[in-house]
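In what follows, chains carry the letters A, B, and so on, assigned in the order in which the sequence lines appear, proteins first and then strands, with residues in each chain numbered from 1. Being a predicted model, the structure only gives us computed values, none of them experimental. No hydrogens, no waters, no symmetry mates; every other heavy atom, side chains included, goes into these values.
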Protein chains: 2
Amino acid sequence: MDRMRLMETFVRVVETGNFSAVAREAHTTQSAVSKQVQALEKLVGAPLLVRSSRSHSLTEAGQLYYERCRQVLDTLEEAQLEVHRAEHEISGVLRVAAPVAFGRLHIVPRLASFYARHPKIKVHLQLDDGFVDLVAAGIDVAFRVGELKDSRLVARRIGSAHRATLASPAYLERHGEPQHLDELPRHNCIIYTGLTAINEWSYRDSAGLSHVVRVDGNFQSNSSEAIRQAVCEGLGISYSPIWVFGDDLRAGRVKPILTRYRAPSLPLNVVFQPARRPSLKVNSFVNYFSEAFSRDPDIAQMLTADA
Amino acid sequence: MDRMRLMETFVRVVETGNFSAVAREAHTTQSAVSKQVQALEKLVGAPLLVRSSRSHSLTEAGQLYYERCRQVLDTLEEAQLEVHRAEHEISGVLRVAAPVAFGRLHIVPRLASFYARHPKIKVHLQLDDGFVDLVAAGIDVAFRVGELKDSRLVARRIGSAHRATLASPAYLERHGEPQHLDELPRHNCIIYTGLTAINEWSYRDSAGLSHVVRVDGNFQSNSSEAIRQAVCEGLGISYSPIWVFGDDLRAGRVKPILTRYRAPSLPLNVVFQPARRPSLKVNSFVNYFSEAFSRDPDIAQMLTADA
DNA sequence: CCAGATTATTCCTGTGTGGAATAGATGCTA
DNA sequence: TAGCATCTATTCCACACAGGAATAATCTGG
């Protein structure tokens, strides 16, 4: 006995005041309607309407129950619409761009559960450490590290790229571990050349004073993966977002140094093109990762001030 | 396929994250639970949760639908409680007191539909034109015409007793129809002696001026039924609530006279004893009749001012 | 007072739900 | 890494039950 249908027929009976009419309307027989109303009364445990073979009237209980039924049916219809909309609009290909290490370490591992939540979305993930023009490349969503330039895009800050100074134990063994910033220029510093070469490393000491150190070394790259590889193999010291090294840190293949000095964090944003009607697909993706990252200590914004 | 049960199991599945546990909890088999969730997904038209034989997670659609389900189930449970309460508390004997004519003409004819709405209430109707002490007589609800005295009772105004001056065509034939108030003392006026003998009839003319006429006649009674009978048989002129004459007016057995003068209406109240917890039974009765009378032109309060 | 319409009831048929068992899959543990 | 334990999907079958048709009973309105 489908209580939903029971309630629907009951509501219609109340509104038309006529079993037979409801039967015709629902392409069924008057017999069925009669039985359904009876079944509902049995289920509810009280007479809902008083029948007199030509018309009925609601009992008090019936009146109360009728109102609730309407409420329930309306809610259910609304639910159906919501689900349908979600099902229809949150589907298809979503083109996502991100820095290489970030994508590998923080996006890909979360895709499985993202797909679980959004089975109809297909992700095309494009990893690039350089600058990517969303419009030109047909990208829907991009993760950006650092300050933003392109003002035509909508940006949402979803975390921070916490940075640290790192080296492999082997390197430190050979060259000694620097204890003060002024030792850095004597070390082999690996320089990331994303948009511009970063050969000045900035710090803030425990007293809150800023320090900038000009560094140099025999290896530069625009690829965070290459830098990671280089550091792990003991080529030198790196100054970069800690998530570039991911497991390497946990596994002890690299070690943070100069921890007395805090390297200012870079903002981590997700950007997308503004649309007249906000795209549920893009929203779903942004919301999902925003939520996920807020629970990830490596990425979540610290309560202390970022640079 | 009972959608209600489907939704219940779905909700439990979401909350426990485990088909088998829900099956045990509902004293059924895991097979049934699996099928029910599938059936719901088919009904809704979208996957609600992504299964991986050891755990699930909600899809976006599932999340939305889950919330709605909770809402629906809560509403339904509330409905069940309401109905149960109504069913339980709106039952038993209700003792009602009213003036004789009023009861006969305005209460009894509405009892059938009142019973339809409240099948479990039994009405003991006690008709009396005199004053009845609610507490002493064990009355739950009383209809009172005129100003109220007993301040220990809760009163609710539910209408007005519109009054008129009436006589039978036969009487008017014999004695002529009075056109002015000052002719009344020469007529045989029948006097109602409810609590006190009303031998002064008051009026308001079209200019709003009050007039009081002292009248007399050869018949007085404390019974409106007796007065009605007397008027119908042409004994004299009466000044009383028009509902005392009910059908007689419509049938032409009595006729309103001196219609240029308005007789001030008396308030019609329903009174009952205040209770710590308001009695649903009394409330149901009062609400029903209050509502019914508000749609009855004989009783409804006029928009023009009453005396 | 009759005619038309409406609801309750009965009997029967066909669908479909749920149970038991099996297969397939996955995560945990040693 | 392999095996075990647990979970879900699926298949097959039997029984229950919902709904249709027809009839009886009841009521309304002209």
Q: Show me, pair by pair, the donor-acceptor contacts under 3.5 angstrom made by side chains of residues 23-31 of chain B, not counting sequence neighbours?
A:
{"residue": "B/Glu25", "atom": "OE1", "partner": "B/Arg12", "partner atom": "NH2", "Å": "3.1"}
{"residue": "B/Glu25", "atom": "OE2", "partner": "B/Arg12", "partner atom": "NE", "Å": "2.6"}
{"residue": "B/Thr29", "atom": "OG1", "partner": "B/Ala32", "partner atom": "N", "Å": "3.3"}

Q: Based on the rotation axes of five pairs at each end, what angle does the helix from C/dC1-D/dG30 to C/dA30-D/dT1 bend through, to 10°?
A: 50°
Q: Would you mind reading off the distance between A/Leu40 atom CG and C/dA8 atom P, rounded to a whole angstrom?
A: 14 Å
Q: Quick one: which of C/dT9, D/dA9, C/dT6 gets closest to the side chain of A/Ser34?
A: C/dT9
Q: Please state how far atom CG in A/Leu49 lies from atom C1' in C/dT7, giving the value in whole angstrom units.
A: 12 Å
Q: With a 4.5 Å heavy-atom cut-off, do B/Lys281 and B/Ile121 have their side chains touching?
A: yes
Q: Measure from the side-chain N and O atoms of A/Asp248 to the backbone N and O of A/Val254, and report whether any donor-acceptor pair falls under 3.5 Å.
A: no
Q: Between D/dT28 atom C1' and A/His56 atom NE2, what is the distance in whole Å?
A: 14 Å
Q: Are any non-hydrogen side-chain atoms of B/Arg253 and B/Pro169 less than 4.5 angstrom apart?
A: no
Q: Using a strict cut-off of less than 4.0 Å between a Lys/Arg side-chain nitrogen and an Asp/Glu carboxylate oxygen, indicate whether B/Arg70 and B/Glu15 qualify as a salt bridge.
A: yes
Q: Measure all distances between protein nitrogen or oxygen atoms and nitrogen or oxygen atoms of nucleotides 16-21 of chain D, and list the pairs falling under 3.5 Å.
A:
{"residue": "D/dG19", "atom": "N7", "partner": "A/Lys35", "partner atom": "NZ", "Å": "3.3"}
{"residue": "D/dG20", "atom": "OP1", "partner": "A/Thr28", "partner atom": "OG1", "Å": "3.3"}
{"residue": "D/dG20", "atom": "OP2", "partner": "A/Thr28", "partner atom": "OG1", "Å": "2.6"}
{"residue": "D/dG20", "atom": "OP2", "partner": "A/Thr29", "partner atom": "N", "Å": "3.3"}
{"residue": "D/dG20", "atom": "OP2", "partner": "A/Thr29", "partner atom": "OG1", "Å": "2.9"}
{"residue": "D/dG20", "atom": "O6", "partner": "A/Lys35", "partner atom": "NZ", "Å": "2.5"}
{"residue": "D/dA21", "atom": "N6", "partner": "A/Ser31", "partner atom": "OG", "Å": "3.0"}

Q: Below 4.0 angstrom from OP1 or OP2 of D/dC7, is there any side-chain N or O of B/Arg51?
A: no
Q: Contact between B/Tyr115 and B/Val123 at the side-chain level, heavy atoms closer than 4.5 Å - yes or no?
A: yes
Q: Quick one: B/Phe10 CZ to D/dT8 C1', roughly how many Å, whole number?
A: 16 Å
Q: Counting N and O atoms only, with roles assigned by atom type, does the side chain of B/Ser160 sit under 3.5 Å from a partner on the main chain of B/Ile299, one being a donor and the other an acceptor?
A: no
Q: Atom CG of B/Leu43 and atom P of C/dG16: how far apart are they, to the nearest Å?
A: 13 Å
Q: Short question: side chain of B/Arg51, backbone of B/Leu49 - any donor-acceptor pair under 3.5 Å?
A: yes
